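Let me begin by presenting the structure, written as structure tokens, before commenting on it.
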Amino acid sequence: MPEDLPEGYYLDNFKYLLDFVVEKHGHLLSEPEYRYRDQFASASENAKKLYVRLTNRKGPHFRQDKINYPEINNLSAVVSELIGLSLVDSSTPTLEHAIALCDKKELSQLEAFAAWPKSCRRSEMVEQLIATGTCNPIEELDLPVIEVLGLEKLLVYRLLFFGNFHQDMTEFVLHELVSPFEAYNLSDESSAFSSRSIVDLTIELKLLSERAHEVIDTDETGDEIAALIEEMPFRPDDAMTARRFDRLLNRVARQLERLDRKEGALYVYKLTSATPSRERQARILEKLGRLMDALDLCEQIYDAPLDEEEWEFSLSFGQRLARKHQLETSLPRNDKVPPPQETIRISRVVERVELCAVQHYTDAGETCFYVENMLFRGIFGLAFWDIIFAPVPGAFFHPFQRGPSDLYTSDFVASRSGLIDRRCADLLDSDQLRQRVLYCYEGRYGVANQFVNWQYLSRELLELALAQIPAEHLCKVFDRLLIDLKNNASGLPDLIIFGESGYRLVEIKGPGDTIQKNQERWFRYFNTHGIPATLVNVEWAN
DNA sequence: GTTGGGATTG
DNA sequence: GAATGTGTGTCTCAATCCCAACTT
DNA sequence: TGACACACATTCAA
Ligand SMILES: [Mn+2]
């Protein structure tokens, strides 16, 4: 049964968010956005409750006859009040919205479908309505529809509060009922945005991103995409906004590549910095026959790579380019040592190869877990918990963060280097490591942390890992994680197998599956540090 | 009649 | 057989409700 | 609402 939330819970959260933003980021709000809060505050309690309920839903249009909240009586009076306050509107929605508000049964009552069989699909009727474009079902059936107003202002409040678009009011519920957030101290006077113009740019990019998503799905020629590119702003200086910009343009450019518009794609990639921009550029340059440009770019990447993946690309692609076209290059060879491999022959008891392998090792009397990235990420998150949530200025600006805002930038290590160095030294002592991790596991169980997935991190697994993996090995893993928390938190082996004393890591490769680049890099690292890791090829018996 | 993907709810 | 590109499923917080599809 | 790992197809160079 669902647990009970306090009376007026949603309303309180809503008020809290508005007040929080006005107090902490008020200087970033426009005059109408300020007024929005007062507008809301002037409504009666019931009207506020209804407004908040509706803003938490899909919207902005709702069928008034389908709104039913037990705590709100006299709905029509409340709606009238909200209309008077300009928080709700009652005009007829556009055709597209109107159709979405009617179910199949209602649509079939329309004149246009009187002759249609009962077995026709709703999607066929929708198609027909959009094609003719004259009949608005809400109008014809005279259904009561209301539109919630002020959502664009509320979006600004949410953006200022969370610093992103993907979190919303459900975070409050998650905190209350599911997985609480760490009770870190918020930094004073800190915000994701340093000026209003950055806020506006972020919103502009979001709107462009939504349109890009749409166009990428529908546009077969690339003409619409090209038109959209014309509307793009200049690349922002602010690092966070620049990242959003790059992600959007890289995505658009990739689609241009798929549509075989190489020049256009190249032009768009040149506007961005984030990976894989330069890699894609090099590939396009080769296809365009601009071999020297491609090779030059590889050398540029090699001199200043943004991450290891890009660095490796510059070597392998540059070398291949030079060899294929007999070009001179200063790029060194990238010699790879293949990881230790073995082959097992097992029967396919379930669909997933990894689980069959777990069964295989378990049958052989070993203790085996299918962990992928989760084990080492989890141990890392526990061992560095207090550092992750350390009150660094600007790191925490709202109560629902799974980690500091700079976690995936190089600033994270830079601004905590003292703490991290000391912790790494302490953790070399296996008793300290064990105690710290288990103590944190007990004390913080269930608390949201970017690195810890509590579902798959059992105490049994954790204790085995801490007992059988030497502290030096774990610290080596931490070292590599800390080099690049974003990219190095993936590519870890599928399985961990515990023997009587000791352990080994196993990457399972089914038929037709080959090792990926990030996995290869971990294997190389394991190899140089004496961490036991094997690549196991699976063949199906019978 | 069932089911699968959503939206909604706490 | 590498090196590519592309498509898919699985995580999502979990239970419930609704509704549009269908030899599931 | 992506990130991640895998599955499968195509291409191209030894
Ligand atoms: Mn694998």
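Only this structure's heavy atoms are used, side chains among them; waters, hydrogens and symmetry mates stay out. A note on names: the letters A, B, ... follow the listed sequences, proteins ahead of strands, and every chain is numbered from 1. Note that the structure is predicted; figures quoted are calculated from it, not measured.
- Tyr456(A) comes within contact range of the sugar-phosphate backbone alone, with a heavy-atom separation under 4.0 Å but no base atom that close.
- OP1 or OP2 of dA21(C) has at least one side-chain nitrogen or oxygen of Ser123(A) nearer than 4.0 Å.
- Atom name C1', nucleotides dG9(C) and dT1(D): the rounded distance is 14 Å, in whole Å.
- For Arg323(A) and dA2(C), the shortest distance from a side-chain N or O to OP1 or OP2 is not below 4.0 Å.
- No contact: Gly510(A) has no heavy atom under 4.0 Å from any strand.
- Within 4.0 Å of Arg63(A), counting heavy atoms only, lies no atom of the nucleic acid at all.
- Glu308(A) and Lys517(A) are not joined by a salt bridge, as no carboxylate oxygen comes within less than 4.0 angstrom of a charged side-chain nitrogen.
- Picking from dC13(C), dA3(C), dA20(C) the nucleotide with the shortest atom distance to the side chain of Leu174(A) gives dC13(C).
- Across dT1(D), dA3(C), dC4(D), the shortest atom-to-atom separation from the side chain of Ser490(A) is found for dC4(D).
- Nearer to the 5' terminus of DNA chain C, by closest-nucleotide assignment, is the contact made by Ser316(A) (compared with the other of Ser316(A) and Glu124(A)).
- In this structure, a donor-acceptor pair under 3.5 Å is present between the side chains of Glu182(A) and Trp385(A).
- Taking the C1' atom of each, dT3(B) and dC4(D) are spaced 29 Å apart, rounded to whole Å.
- The side chain of Phe165(A) has dT1(D) as its nearest neighbour among dG5(C), dT4(C), dT1(D).
- Taking only side-chain atoms of Leu5(A), from C-beta outward, the nucleotide of dG5(C), dT12(C), dG10(B) with the closest atom is dG10(B).
- Listed pair Asn518(A) / dA5(D) meets the phosphate criterion, a side-chain N or O lying under 4.0 Å from OP1 or OP2.
- Closest-nucleotide positions on DNA chain C for Arg258(A) and Arg352(A) were compared, and the one nearer the 5' end corresponds to Arg258(A).
- The side chain of Glu354(A) has dC6(D) as its nearest neighbour among dA20(C), dT4(C), dC6(D).
- Every side-chain contact (heavy atoms from CB on, under 4.5 Å) that Glu106(A) has, sequence neighbours left out, goes to Arg63(A), Lys66(A), Cys102(A), Asp103(A), Leu141(A).
- No hydrogens or angles considered: nothing links the side chains of Lys324(A) and Gln319(A) as a donor-acceptor pair under 3.5 Å.
- The side chain of Asp494(A) lies closest to dA5(D), out of dA5(D), dA20(C), dG5(C).
- Contact check, Gln519(A) against dA5(D): no side-chain N or O comes under 4.0 Å of OP1 or OP2.
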Under 3.5 Å, sequence neighbours excluded: what are the donor-acceptor pairs made by side chains of residues 450-458 of chain A?
unit_1    : atom_1 : unit_2    : atom_2 : d
Asn453(A) : OD1    : Gln455(A) : N      : 3.3
Trp454(A) : NE1    : Val447(A) : O      : 2.7
Ser458(A) : OG     : Leu461(A) : N      : 3.1

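- Ion pair Arg211(A)/Glu214(A) not flagged as a salt bridge, since none of the NZ, NE, NH1 or NH2 atoms sits closer than 4.0 Å to an Asp/Glu carboxylate oxygen.
- Counting non-hydrogen atoms under 4.0 angstrom, Arg254(A) reaches the backbone sugars and phosphates but no base.
- As rounded to the nearest Å, dG5(B) and dC11(C) have P atoms that lie 14 Å from one another.
- Of the candidate nucleotides dC11(C), dA3(C), dT9(B), dT9(B) has the atom lying nearest to any side-chain atom of Arg57(A).
- No contact: Phe313(A) has no heavy atom under 4.0 Å from any strand.
- Within the 4.0 Å cut-off from OP1 or OP2 of dA21(C), not a single side-chain nitrogen or oxygen of Arg121(A) is found.
- Nucleic acid contact class of Glu106(A) (heavy atoms, under 4.0 Å, all strands): none.
- The shortest distance between the side-chain N/O atoms of Lys58(A) and the OP1/OP2 oxygens of dA7(B) is below 4.0 Å.
- Listed pair Tyr69(A) / dT9(B) meets the phosphate criterion, a side-chain N or O lying under 4.0 Å from OP1 or OP2.
- Between Arg283(A) and Glu279(A), at least one side-chain nitrogen of the basic residue sits less than 4.0 Å from a carboxylate oxygen of the acidic one, meeting the salt-bridge criterion.
- Closest to the Arg53(A) side chain, of the nucleotides dA20(C), dC6(D), dT9(B), is dT9(B).
- For dC4(D), neither phosphate oxygen OP1 nor OP2 lies less than 4.0 angstrom from any side-chain nitrogen or oxygen of Asn373(A).
- Considering only side-chain atoms of Lys324(A), the nucleotide from dA13(D), dT1(D), dC6(D) that sits closest is dA13(D).
- Contact between the side-chain N/O atoms of Tyr10(A) and the OP1/OP2 oxygens of dG10(B) is found at a separation under 4.0 Å.
- When rounded to the nearest whole Å, the span between CG of Asp513(A) and C1' of dA5(D) equals 8 Å.
- Look at Lys509(A) and you'll find a side-chain N or O under 4.0 angstrom from OP1 or OP2 of dC6(D).
- Distances shorter than 4.0 Å separate none of the side-chain N or O atoms of Gln455(A) from OP1 or OP2 on dC13(C).
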